[in-house]
Number of protein chains: 2
Amino acid sequence: MSIDFQKNLSKETSGSLADQVRDHLRIRILRHEWLPGGKIPGEFELADQYDVARVTIRTALRSLETQGLIDIRHGSGAYIADFGDSVRAGLQELRSITQTIREMGHKAEMTTKSSVIRKATHQEAIDLQITEEDNVLHIERAIAADGTVVVFSYDTFNVAELTPAVIKKMTNGSVFTALNSIRKHPVRARAEIHAISSTDIGWGRDRPKSGLYLLLRQVHYLRNGTPIFTGDTYFVEGKFQFIIHRTV
Amino acid sequence: MSIDFQKNLSKETSGSLADQVRDHLRIRILRHEWLPGGKIPGEFELADQYDVARVTIRTALRSLETQGLIDIRHGSGAYIADFGDSVRAGLQELRSITQTIREMGHKAEMTTKSSVIRKATHQEAIDLQITEEDNVLHIERAIAADGTVVVFSYDTFNVAELTPAVIKKMTNGSVFTALNSIRKHPVRARAEIHAISSTDIGWGRDRPKSGLYLLLRQVHYLRNGTPIFTGDTYFVEGKFQFIIHRTV
DNA sequence: CATCTCTAAGTTGTAGTACAACTATTAAGG
DNA sequence: CCTTAATAGTTGTACTACAACTTAGAGATG
């Protein structure tokens, strides 16, 4: 038996075969095909299902383990890690926030507050390895899950790496899909984590009263090492669950 | 040629063969055996060096890639990630907090506020997979760097897994070294990150006025999957900088 | 019946070989 | 000089075989 999983991945840029299998397995897990704590099929059976070699399945499962979705036990099997209903994301994987929300079964909505091109600030010039004379694209957006704002996002792009078409697409859709269209998708990011309490973050009536955020300050890099954009992402505390799988 | 890497790992209880190779390769990387951006030996040569199969090397390299230390390129090779040194003291390598502080060049000091054995709370019983009738060891400690408190720590152990000698040792020294003495060191941990604003955290006059913390809520597991202890670690915002790698 | 021990089957971990897919270098040709 | 093609080198995948480990069950033992 062979699962035709290619069509399920048509949106993704589909990396290696193992990455495709991993992404498809992640969807199956997040759709609760197996119960939390339950055991997923063995590597031989999965290799049969996807019609790939066992080593490919193993590579995919290892990746899912580092993402905290499963727990592999020698001689026993791979088990679904139990997690609640809240939107959940691993910090070690570079993914679209909106897509993560959708995969968790929620309705994701994104609104753009502003999108301007201006000179780079001092810090932005350093992070993006440009000068303060160069132009950057600054976008402020809010992302909601099931009608509730969970993320305020401030992104700054190096305009020199973009095209006008992409800039327009960026304001409406996902950043990553827009970058994908010109084959400039980031493969690595350097991120700082901070706890922030501020009333200056966010806007509109959706702004949470607590003013408590988990700030993820990132610089995203292309494969060749050049920085493509920086992002200050403010996660409303309690609305987003971050999981880290720590292996010794 | 075969590298005798076993003795280099004598302190660790060495997990799988691939994990041992990964740990040894990580040491070689952090000791700058190869320059940032430089290429490490191919999989065949590494398999030769360590006298293991190529699949074992591949498993180790994939793990190092998810940790952000290397960058594997199909058809080319594996390259040392080109980031600063600070990045490599990231969240995934946070084993002992005191040791991390010392590695940063500061003086680490740890004071124990209380150490009691009591019944487990509801949440603790769930996390440790015990009942509320079972006993737990609860330790409250503060960790200071150069005289300033940077971390408040609340750890809760499953007493059934401990011995009286270890409990005594736990109060004075590092948790991990104490657990090591009875071969019960955690190999996996699941961590949640939260932003917390509270005046109930911490104690003494070292308690920060802001009351703003980055909470690392962890459950540590043994190799067989049984939870050994939970830890709520409150990092005083601004005093401790987390830098992590994000890979696709 | 309850409990323990051992066996057996099932699963992941490692070894080894072979080839496909991709990359970077080099050589040939204009 | 530039472009193109051949070539060697590297990672990705396939396949087989066995080792190491876990679990469940049969069977012995009290």
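Order of the sequence lines sets the chain letters (A, B, ...), proteins ahead of strands, with each chain counted from 1. Because only heavy atoms are used, hydrogens play no part in the values below, and waters and symmetry mates are left out as well, while side chains stay in. Here the structure is a predicted model, which is why all the values come from computation and not from measurement.
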Per B:L17 side chain, nearest of listed nucleotides D:dT13, C:dT12, C:dT14: C:dT14
Whole-Å distance separating the CZ atom of B:R58 from the C1' atom of D:dA14: 12 Å
Integer-rounded Å distance: C:dG13 C1' and B:I57 CD1: 14 Å
Given C:dT12, D:dT13, C:dT11, the nucleotide with the shortest approach to the side chain of A:S16: D:dT13
Pairwise distance CD1(A:I70) to CG(A:L64) - rounded to 0.5 angstrom: 5.0 Å
Any A:T56 side-chain nitrogen or oxygen under 4.0 Å from OP1 or OP2 of D:dA14: yes
Stepwise side-chain contact (heavy atoms from CB on, under 4.5 Å) test for A:Y221 and A:V219: CA-CA 7 Å; A:Y221 297 87; A:V219 182; 3.7 Å; yes
Length of the CD-C1' vector between B:E43 and D:dT13, whole Å: 12 Å
Separation of atom CD1 in A:I40 from atom P in C:dG10, rounded to whole Å: 19 Å
Under 4.0 angstrom between A:T59 side-chain N/O and D:dT13 OP1 or OP2: no
Under 4.0 Å protein heavy-atom contacts per nucleotide of nucleotides 18-25 of chain C, with B for base, S for backbone only and - for none: B--BBS--
Atom pair distance, as rounded to whole Å: CZ in A:R22 and C1' in D:dG12: 15 Å
Of all pairs that satisfy salt bridge (Lys or Arg N to Asp or Glu O under 4.0 Å), the ones with a partner from residues 126-135 of chain B, not counting sequence neighbours: B:D127-B:R217
From CD (B:Q218) to CD1 (B:I193), nearest 0.5 Å: 9.0 Å
Distance in Å, B:L30 CG paired with B:H32 NE2, rounded so as to fall on 0.5 Å steps: 7.5 Å
Side-chain donor/acceptor of A:T59 to backbone N/O of A:V55, under 3.5 Å: yes
Nearest-neighbour nucleotide for the A:A53 side chain, D:dG12, C:dT14, D:dA14 considered: D:dA14
Which nucleotide in D:dT10, C:dA15, C:dT12 has an atom nearest any side-chain atom of B:V52: C:dA15
For atom CD of B:E45 and atom C1' of D:dA8, their distance in whole Å: 16 Å
Atom-to-atom span, CG of A:L61 to P of D:dT13 - whole angstrom: 14 Å
